[in-house]
Amino acid sequence: MKPDTQTRWRCRRGMLENDLLLKGFLDHGYDQLDQEGRDAFERLLGYPDNLLLDLVLERQSTVDAGIARVVPLIRAAVAAGAED
Amino acid sequence: MNITVRKFDALIIGAGGAGLRAALQLSNADARVAVVSKVFPTRSHTVAAQGGVNAALANVLPDSWHWHMFDTIKGSDYLGDQDAIEYMCRAAPKVVYELEHFGVPFSRLDNGTIYQRAFGGQSQNFGQDQAARTCAAADRTGHAILHSLYQQNLRARTHFFDEYFAVDLIKDDQGYVLGVVAFEILTGKPIVIEAKTTLIATGGAGQIFRTNTNALSNTGDGMAMALRAGVPLEDMEFVQFHPTGIAGRGMLITEGARGEGGFLINGEGERFMERYAPKVKDLASRDVVSRAIAVEIREGRGCGRNKDHALLDLRHLGADTIMKKLPGIREMTLTFLGLDPIEQPIPVFPTCHYSMGGIPTNRDGQVVVPVKDTPEDPVPGLYAAGEAACVSVHGANRLGGNSLLDILVFGRAAANHILEYLGENPHHRALPQDSVDRALERLARWDREGEGEAVEPLRRELRKVMEDHCGVFRTAEVMREGVAKLQTLRERIDQAVIRDHTQTFNTARVEALELENLWDCAIATMHSALGREESRGAHSRVDFTERDDERWLKHSLYSLQDDALDYKPVRTQPLTVESFPPKKRVY
């Protein structure tokens, strides 16, 4: 399932790093998520920018199991985008 | 069409640090305040500011606002307005202590006072020993300030229009600005927000360049709105570039990488900085390194398939040094490029970081324009602050730690003047329907269906034109070609279409309007850079390599309506102290 435009807009962040990470994931990987994964991604988008970046760069971990499953997918998607 | 109309005393466009500081001052004084933001407020770009905020608190080393003033004027390459700079440096301690009271968790010294770090360009005794002037909340000062200000605004009952996009200012025949036409991104419904005063605080326009450090939202919306309302933009040629951004991505690779011994190589494997700066080589100043990279690429010695970048080589430093001293860089390149700098060099290109220019204001935040023989006549009801504005405290070059200070001091100052204005102008003026209609027409233009180019490729092309023709390699010939390319692009943008015509969360329409804003800022930047025949601060001309105070100690003003440049004098007279006359800038 492709991301809806509202989710796309919520991926507009205050930091370029987050913009690129999240945009990369929307283009490469988001459509593989099931409903649980999509819900977890929405929860991740609710985090402040610095925390979001720390989680995706794995400087911090989270007790939210759903988000913990989505983070490696975001990293993989960005790495795949880098090889394009 | 039946359009919702809401009325406020003050309207703030943009919810970064400048907008929120102003909103808080106004709400605390019981004004009716609305803040319009295209993204949720805490996703504003202020959140990305890591360094800190300058104030002469003298907590670590002796300091004075007067030394801070001298450093800022020298840093500005003498183009900064000395009255505004004095005002800012005197106000700095006060705004920092206010932040402390708003709950910003500043880093502390053992004695409990605010910790201050040393940044480049800071001195004691007017250019002598290094000073330590930057107050920080660890490495996330912008984040802490933005979140604290947002919380304070919620407490003070500021009204937020979250995820609303401001289209154009409403202006009447007498020149009063009376609010804005916006639309709600969720529903697509337009709204008229009438206000006795309007403050533009929409941040910079870094997205006009392909490689930049700015969030995608930094599309110069407020600057473009001002241009279309007949306000010229000031000093747009002054754009701060950092030499080593990650090519194709934009994020900074800190100078620390070269400080540790990293060096740049071209497509032939040559350490080319040895030719440009034989003594200091890769540690030459930012503009020299940036221009050297651009020259290598222009002369066909770039790296990669498209020969469009240089390489920053850290491999010889060894795994230990890279992992211990440059772990952040390795983390970034591994994440974004899938590249380990222990094994491979990093592709780099000069990256745009900050716009010194913007909407001209005085130190009260009032937007000022030339009228007949007066260079700075206030536009009634219109204010600007932060990176969107040019007050001008940064002149030709901004010092680290002065951007957060700028947004706080002048967000606050603008709010104080707005309160005075509201006292003298207590009633709403009649709404000029023709001005509202013009903004609605601009919005409706993107409802057009049929054949036409898409927005995203045009945006990419615009950014490439700016990078190639108005980046760090500037000559008259290169920029004249750039003007012609931008003009052709404008014709194509006017014929472009979007495919999505739904109302709900139509982000295609937002991006189309942003593209128009980017173009307006781009043409202002290109013309201003072409006009200024000297090198000063961040504006570096290959064909005019020296600063020329006799001809060019003046501010540029680009008007979109006349497609013409004008100039106004630099305010060299401070408020209470003696002027600092221009000197050669040596560090």
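Chain A is the first sequence line, chain B the second, and so forth, proteins listed ahead of strands; every chain is numbered from 1. Values below: every heavy atom of this structure, side chains too, minus hydrogens, waters and symmetry copies.
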Compare every heavy atom of [Y] with every heavy atom of [X], then report the nearest pair and how far apart it is.
| X | Y | answer |
| --- | --- | --- |
| B/Phe505 | A/Thr5 | O-OG1, 2.7 Å |
| A/Leu16 | B/Thr213 | CB-O, 3.6 Å |
| A/Trp9 | B/Glu163 | CD1-OE2, 3.6 Å |

Indicate yes or no: at least one non-hydrogen side-chain atom of [X] is less than 4.5 angstrom from one of [Y].
| X | Y | value |
| --- | --- | --- |
| A/Arg13 | B/Leu216 | no |
| A/Glu17 | B/Phe336 | yes |
| B/Arg43 | A/Arg12 | no |

At a 4.5 Å cut-off on heavy atoms, which part of [X] comes close to chain A: side chain, backbone, both, or neither?
| X | result |
| --- | --- |
| B/Ser217 | both |
| B/Thr504 | backbone |
| B/Glu511 | side chain |
| B/Ile185 | side chain |

Toward chain B, the part of A/Arg8 with a non-hydrogen atom under 4.5 Å: neither
Sorted by number, residues from residues 33-50 of chain A in contact with chain B (heavy atoms, under 4.5 Å): A/Leu45, A/Gly46, A/Pro48, A/Asp49, A/Asn50
Residues from residues 51-63 of chain A approaching chain B under 4.5 Å (heavy atoms):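 Contacts with chain B: A/Asp54, A/Leu57, A/Arg59.
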Spatial distance of atom CE (A/Met15) from atom CD (B/Gln50) [nearest 0.5 Å]: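 That separation rounds to 6.5 Å.
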Chain A interface, residue from B/Arg140, B/Met251, B/His147 that has the most non-hydrogen pairs under 4.5 Å: B/Arg140
Interface residue of largest heavy-atom contact number with chain A, from B/Ala48, B/Gly16, B/Gly206, under 4.5 Å: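 Of the candidates given, the most pairs with chain A belong to B/Ala48.
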Expected output: side-chain A/Asp19 to main-chain B/Ala215 donor-acceptor under 3.5 Å: no
